[in-house]
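Working notes for the structure below.
Here the structure is a predicted model, which means the values were calculated and not measured. Residues: numbered from 1 along the sequence shown. Read the numbers this way: they start at 1 and go in the same order the structure lists the ligands and their atoms.
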Amino acid sequence: MNTATTLEANFDGLVGPTHNYAGLSFGNVASQNNLGSESSPRAAALQGLAKMKAMHDLGLMQGVLPPQQRPDLAALRRLGFAGSDAEVLGEAARTQPRLLGAVSSASSMWVANAATVSPSADTRDGRVHFTPANLVNKFHRSIEVPTTARALQAIFPEGEHFAHHAALPAVDDFGDEGAANHTRLCAEYGEPGLELFVYGKDAGAPEHGPQRYPARHTLQASQAVARLHGLAPQACVFLQQNPAVIDQGVFHNDVIAVGNRNVLFFHEQAFVQDPRPALAAAWQTASPLHCIEVPSAAVSVEDAVSSYLFNSQLVTLPAGGHALILPQECRDNPAVWAYLQGLLDSDGPIEQFKVFNLTESMRNGGGPACLRLRVVLTPAQQAALNSAALLDETLYARLKAWVERHYRERLHVQDLADPQLHQECCSALDELTGILKLGAIYPFQQV
Ligand SMILES: N=C(N)NCCC[C@H](NC(=O)CCC(=O)O)C(=O)O
């Protein structure tokens, strides 16, 4: 890996030991459809690690973000459950099983929702800025914020190189789903770029938002993050996502569009208006900006939602050229696969793709792009981060063995009440903070 230049690292969320299908996300059709299915926490974590390893083997910088302490007993106690851990779990299982599911979710694996990240080339103070997403639209996601903030600070220490903001106010007007609704476009990673913020509704005009499913991210949240990060207004573009596609299950922009450097790959119906004029106005460099629009005639919105074509990662390989990192559901969809063959045959910037089995995550509405948080890093910033969180052959082997030692092969939602599962999770995470040198980031470690 060439660490002498500014590059874009992917930090993937490690799937946690309680990964399960609790049907928690109204508006996310995969989540709704797989309620109550059996999950395999071990398979899910190993699938995610395999993708991380493959990206490392492609010569790309790859990091790891830790899972969270689940079930979150403190959240249950804040809601009035009392007694021992076993009593709290037992009462919640008996009286509020859906709530137990919500405090037991491994949803922190989808770290595209962990924060919004602005590279130092774009920010007024020349540091990398992080704002953890408040994820207020879904209770089970909203409880991730404190641990996410601590994990990000343990990997990217606040100071000369990295700046960490508090999450936005936890109210619907400032609903913030993080990098899933943010795309940074540039000629080269180390050069100033434009930052595209995509919102589901203007909190001041909800009637122009989606009517069936919720808009989880607001214009007001995007504008606040742009201000906090010290971005030049002329380098920011704010576009509304097409409410009609949100109402068909496109609950984040990264389910219908993905960008990398000077390429934006998006579905014809992704935005309320054609994004090209606004992007062209903010594109400050001589090199071309490639907008690859996929017509509904080739790939329907339904196909986009079932295959997660646009939730692929779009990366620049060390040898140059763009590659799509696809979920295997794209290969299983004839219309999508035919489109992709045509894309390869065209002489466009996307030159190859790689297919991965991420079925455990996909069955909860999380594809390759959901599982990663992109962080552009200069050589100095690469040297300043906690390198124990960077994946190499050694860390991959250690994490694989750690998963095989601590994770269950099968899990049902009724297993969530098992106090033994909570103990397994805590001992696994205690060991993990040693492996990744994170310090005591979990509540159970702070007693
Ligand atoms: N598209 C991006 N960037 N992230 C995908 C997040 C999926 C996640 N699913 C869930 O949280 C389902 C959990 C459950 O139902 O068990 C969500 O809806 O927030």
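Of the heavy atoms in Ala112, only side-chain atoms (C-beta onward) come closer than 4.0 Å to ligand 1. If you look at Asn364 next to ligand 1, the close heavy atoms, those under 4.0 Å, come from the backbone and the side chain alike.
Summary of contacts: the protein heavy atom closest to atom 18 (O) of ligand 1 is Ser25 OG, 2.7 Å.
Contact record, Leu344 with Ile350: CD2-O, 4.2 Å, taken as the closest heavy-atom pair.
The number of heavy atoms from other shown groups lying within 6.0 Å of CD (Glu404) is above 12.
Close contacts of ligand 1 with Ser31, meaning ligand atoms under 4.0 Å from a residue heavy atom, involve 12 (C), 14 (C), 15 (O). Listed by number with element, the atoms of ligand 1 under 4.0 Å from a non-hydrogen atom of Asn28 are 7 (C), 8 (C), 9 (N), 17 (C), 18 (O). Taking a cut-off of under 4.0 Å to the non-hydrogen atoms of Gly365, the atoms of ligand 1 that pass are 5 (C), 7 (C). In the vicinity of Gly23, heavy-atom distances shorter than 4.0 Å reach the ligand 1 atoms 14 (C), 15 (O), 16 (O). Atoms of ligand 1 lying under 4.0 Å from any heavy atom of Ala180, numbered from 1 in the order shown and given with element: 3 (N). Set against the non-hydrogen atoms of His252, the atoms of ligand 1 under 4.0 Å away are 1 (N), 2 (C), 3 (N), 4 (N).
Taking the ring axis of Tyr21 as reference, the NZ or CZ atom of Arg363 stays within 45° of it and closer than 6.0 Å to the ring centre. A cation-pi arrangement, defined by a distance under 6.0 Å to the six-membered ring centre and an angle within 45 degrees of its axis, is absent between Lys51 and Phe356.
Salt bridge annotation for Glu8-Arg184: absent, with no cationic side-chain nitrogen under 4.0 angstrom from a carboxylate oxygen. By the 4.0 Å N-to-carboxylate-O rule, Asp85 lies close enough to Arg77 to be salt-bridged with it. Using a 4.0 Å cut-off between a side-chain N of Lys or Arg and a carboxylate O of Asp or Glu, Asp172 and Arg216 do not qualify as a salt bridge.
From Ser107, atom OG reaches atom CZ of Arg141 across 4.5 Å, with rounding to the nearest 0.5 Å.
Between Ser361 and Gln47, the side chains place no donor N or O within less than 3.5 Å of an acceptor N or O (distance only, hydrogens not considered).
When the heavy-atom distances from atom 6 (C) of ligand 1 to Lys138, Arg141, Arg372 are ranked, the shortest goes to Arg141. With atom 11 (O) of ligand 1 as the reference point, the heavy atom nearest to it among Arg216, Gln32, His140, Glu144 is part of His140. Here atom 4 (N) of ligand 1 lies nearest to Asn113 when heavy atoms of Asp254, Asn113, Asn33 are compared.
For ligand 1, the polar-atom distance check finds an N/O of Ala22 within less than 3.5 Å of one of the ligand's N/O atoms. Note: no N/O pair closer than 3.5 Å links Cys370 and ligand 1 by distance alone. Residue contacts with ligand 1: Val255 is placed with no nitrogen or oxygen under 3.5 Å of a nitrogen or oxygen of the ligand (distance criterion only).
Ring planes of Tyr407 and Trp402: perpendicular class, angle over 60° (limits at 30 and 60°).
Under the 4.0 angstrom criterion for non-hydrogen atoms, Asn20 is in contact with ligand 1.
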